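Worth knowing before you read on, the calculation uses all heavy atoms, side chains too, and leaves out hydrogens, waters and symmetry mates. Treat the numbers as computed from the prediction; the structure is a model and nothing was measured.
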Amino acid sequence: MGMGIFIIMIAVGAILTFASDWELDAVNLDVVGLILMGVGIFGTAVYTSVLRRRRMVVPPVAPTVTDDDRRDLL
């Protein structure tokens, strides 16, 4: 799942909680909307933290030897 899925979950949850006036006997749509918004916010936070770790650049440990360095040794 990408970032877009989590944003859609937040939007659908907000619509169910704040903009709908449907009433079902078996399901409380306000609670379902709050759960969707919570999962969307949590998923966005986790996704961005994982993405930040993937993009971290680690400097090389050993210097890179180029062709010019090899010619100087001869």
Side-chain angles (χ1 to χ4, degrees):
M1 291 194 294
M3 180 72 85
I5 298 296
F6 296 124
I7 292 173
I8 289 171
M9 287 176 71
I10 294 170
V12 169
I15 290 170
L16 285 176
T17 301
F18 302 118
S20 68
D21 58 354
W22 301 330
E23 292 189 22
L24 301 173
D25 293 333
V27 178
N28 187 352
L29 290 180
D30 290 338
V31 174
V32 171
L34 289 173
I35 290 171
L36 281 175
M37 285 191 295
V39 169
I41 291 170
F42 180 74
T44 302
V46 169
Y47 186 80
T48 55
S49 69
V50 168
L51 187 64
R52 187 179 315 151
R53 279 192 220 144
R54 275 193 216 156
R55 290 187 178 178
M56 196 179 289
V57 177
V58 178
V61 177
T64 306
V65 178
T66 60
D67 288 337
D68 294 335
D69 294 337
R70 290 184 190 161
R71 289 186 187 138
D72 289 338
L73 293 174
L74 295 175

Practice problem: Could you walk me through whether L34 and M37 pass the side-chain contact (heavy atoms from CB on, under 4.5 Å) test, one step at a time? | Solution: CA-CA 5 Å; L34 289 173; M37 285 191 295; 3.6 Å; yes
Quiz item: Transitively linked via ILVMFWY side-chain contacts under 4.5 Å: I15 with W22?
Solution: no
Quiz item: Taking all atoms of both residues into account, what is the closest heavy-atom pair of V12 and L36, and its distance?
Solution: CG1-CD1, 3.9 Å
Quiz item: What residues form a side chain to side chain contact (heavy atoms under 4.5 Å, CB included) with I35, not counting sequence neighbours?
Solution: V31, V39
Quiz item: From I41 CD1 over to F6 CZ, what is the distance, rounded to the nearest 0.5 angstrom?
Solution: 12.0 Å
Quiz item: Between the side chain of T17 and the main-chain N/O of A14, is any donor-acceptor distance below 3.5 Å?
Solution: no
Self-check item: Contacts of I7 that satisfy side chain to side chain contact (heavy atoms under 4.5 Å, CB included) - sequence neighbours left out
Solution: M3
